[in-house]
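Report on one structure; see the data block that follows.
Only this structure's heavy atoms are used, side chains among them; waters, hydrogens and symmetry mates stay out. We name chains A, B, ... by the order of the sequence lines, and we start the count at 1 in each one.
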Protein chains: 2
Amino acid sequence: MLTIGELSRATGVKIPTIRYYEQMGLMAAAERSGGNQRRYESQDRERLSFIKHARDLGFTIEAIRELLELSGHPNRPCVDADQIAVRQLEIVRDKIAKLRPLEKELERITAHCHGDQIKDCYVLQSLANHDMCESEH
Amino acid sequence: MLTIGELSRATGVKIPTIRYYEQMGLMAAAERSGGNQRRYESQDRERLSFIKHARDLGFTIEAIRELLELSGHPNRPCVDADQIAVRQLEIVRDKIAKLRPLEKELERITAHCHGDQIKDCYVLQSLANHDMCESEH
DNA sequence: ATAATACCTATAGAAGCTGGAGGAAAAGAT
DNA sequence: ATCTTTTCCTCCAGCTTCTATAGGTATTAT
């Protein structure tokens with residue numbers, strides 16, 4: 001049996017976050033000690049590690065809820081789980097695709113600044129005037 | 001003189017967002033018509049375009065506040081503005097750098113799923129077991 | 001004059017936590 | 001057994017950047 005602090009250290013998930021996951025229904029309501037403190041078993045640690053890993057990969061709480069639900073039905077086909085992961089891959093790729101033009105634009109803007117006075121500042125001029133941009137964003 | 005709706009259409013910033021920017025002090029409190037409706041001039045449109053452009057590039061409200069403040073002092077050196085932009089470039093690069101390993105990991109996870117049963121699902125196994133990952137995240 | 005559209009304020013909600021206040025329980029030291 | 005420290009409890013507010021709704025008023029067009 002683990003206390004919430006031990007579970008936190010074991011998984012790297014902060015204590016208030018564990019309580020939050022319980023509130024959101026990702027973690028079952030934990031058993032309690034005589035003094036009303038949460039006590040966890042190793043299955044809980046595995047489940048929380050799963051959640052943390054998925055969160056680290058950017059899955060939303062909702063997606064994780066579905067993945068956990070699916071993992072409770074061992075004999076069903078796993079296309080649904082696969083689809084959720086594919087969707088997440090698309091989301092990540094989309095974010096990267098949106099950030100790259102920003103990176104380019106910021107590189108261009110900062111590279112042109114020569115430390116003159118504000119009134120000639122390329123950074124501020126670029127922000128004021130969208131026509132100076134090379135790509136869409 | 002523009003109404004808030006016209007300003008919204010002219011800049012692509014939604015009406016409640018314009019009011020929000022006013023509340024946050026990015027936009028000055030607008031003049032009002034006899035019936036208490038906001039009226040804007042073309043300077044306001046330029047300022048809002050500046051804000052939108054900066055937001056599109058991912059600058060925070062705080063950073064934009066500083067950039068606007070700086071642009072009000074034409075004779076100062078522009079190193080501060082430059083630094084804010086450099087910092088933003090770092091933030092964007094950092095985000096990309098964090099997303100790339102996630103992309104790789106999700107590619108790997110999804111590529112290995114063969115549509116079998118949940119109990120053999122590579123997606124779920126990978127999430128449950130961090131050791132299966134190739135890189136840190 | 002009336003109808004349609006656009007505007008107003010105030011407030012709540014979204015996502016995913018994080019932190020604080022005020023108090024109780026557990027654990028270690030004496 | 002007592003004292004002290006650490007850990008835990010609940011409840012609630014706050015973060016960020018909007019977005020949406022409700023209930024009501026102004027403006028514009030016909």
Side-chain angles (χ1 to χ4, degrees), chain A residues 1-27 29-40 44 48 50-68 84 87-88 91-92 94-95 98-99 102 137, chain B residues 1-27 29-40 44 48 50-68 87-88 91-92 94-95 98-99 102:
Chain A
M1 297 291 262
L2 299 164
T3 66
I4 196 168
E6 288 162 349
L7 180 64
S8 171
R9 264 166 265 135
T11 57
V13 177
K14 290 186 181 153
I15 291 174
T17 306
I18 297 174
R19 298 200 189 103
Y20 171 74
Y21 287 160
E22 179 179 317
Q23 209 182 309
M24 291 299 101
L26 286 193
M27 296 290 289
E31 281 181 64
R32 299 293 179 126
S33 73
N36 197 35
Q37 298 192 351
R38 291 173 179 81
R39 291 297 126 94
Y40 296 93
D44 298 313
L48 186 55
F50 181 102
I51 294 168
K52 171 156 174 58
H53 194 179
R55 282 296 301 136
D56 286 347
L57 286 169
F59 286 89
T60 63
I61 300 283
E62 254 322 288
I64 295 169
R65 199 195 305 283
E66 288 175 52
L67 288 170
L68 286 166
I84 292 170
R87 176 85 193 97
Q88 179 58 21
I91 289 169
V92 168
D94 193 55
K95 282 188 187 166
K98 280 184 176 133
L99 286 168
L102 303 195
H137 51 258
Chain B
M1 296 292 261
L2 299 165
T3 66
I4 197 170
E6 288 161 350
L7 180 65
S8 171
R9 264 166 266 135
T11 57
V13 178
K14 288 187 182 152
I15 291 173
T17 306
I18 297 173
R19 295 198 191 105
Y20 171 74
Y21 288 160
E22 180 179 318
Q23 210 184 310
M24 291 298 103
L26 286 193
M27 295 291 288
E31 281 182 63
R32 299 295 179 122
S33 73
N36 197 35
Q37 298 192 353
R38 290 172 179 81
R39 291 297 126 93
Y40 296 94
D44 298 315
L48 186 54
F50 181 102
I51 294 168
K52 171 156 174 57
H53 194 178
R55 282 296 300 135
D56 286 347
L57 287 168
F59 286 88
T60 63
I61 299 284
E62 255 321 290
I64 296 170
R65 200 195 305 281
E66 288 174 52
L67 289 170
L68 286 167
R87 174 85 192 95
Q88 179 57 22
I91 289 169
V92 168
D94 192 56
K95 281 188 188 168
K98 280 183 176 136
L99 286 168
L102 303 195

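Phosphate proximity of C/dA26 to A/S33: present, with a side-chain N or O under 4.0 Å from OP1 or OP2. Phosphate contact (OP1/OP2 of D/dT27, side-chain N/O of B/R38, threshold under 4.0 Å): absent. The side chain of B/T3 places an N or O atom within less than 4.0 Å of a non-bridging phosphate oxygen (OP1 or OP2) of C/dC7.
Note: CZ (B/R39) to P (D/dA26) measures 12 Å, nearest angstrom. Distance CE (B/M1) to C1' (D/dA26): 16 Å, rounded to an integer number of Å. Put simply, CD on B/Q37 is 12 Å from C1' on D/dG24, counting in whole angstrom units. For the pair A/Y40 OH and D/dT7 P, the interatomic distance rounds to 16 Å; values are reported in whole Å.
Side-chain atoms of A/I51 and A/M27, non-hydrogen and from C-beta on, do get closer than 4.5 Å to each other. Residues A/L48 and A/Y40 have side chains not in contact (no heavy-atom distance under 4.5 Å, counting atoms from C-beta outward). Counting only heavy atoms from C-beta outward, the side chains of B/R19 and B/I4 approach each other to under 4.5 Å. Considering only heavy atoms from C-beta on, B/T3 comes within 4.5 Å of B/R39 through its side chain.
Applying a 4.0 Å cut-off to non-hydrogen atoms, the residues of residues 12-27 of chain A that approach DNA chain D are A/I15, A/R19, listed by residue number.
With D/dA26, C/dG16, D/dC18 as the candidates, the nucleotide lying closest to the side chain of A/I61 is C/dG16.
The two residues B/I15 and B/G5 make their nearest non-hydrogen contact at CD1-CA, 3.9 Å.
Residue-level contact check: B/R32 touches the backbone only, with heavy atoms under 4.0 Å from sugar-phosphate atoms and none from bases.
Between B/R9 and B/E6, no side-chain nitrogen of the basic residue sits less than 4.0 Å from a carboxylate oxygen of the acidic one, so the salt-bridge criterion is not met.
Listed for the A/E66 side chain is no donor-acceptor partner under 3.5 Å among the backbone atoms of A/I84.
Nearer the 5' end of DNA chain D, as judged by each residue's closest nucleotide, is the contact made by B/E62, out of B/E62 and B/G35. Position along DNA chain C of the nearest nucleotide to A/R55 versus B/N36 favours B/N36 as the more 5'-ward residue.
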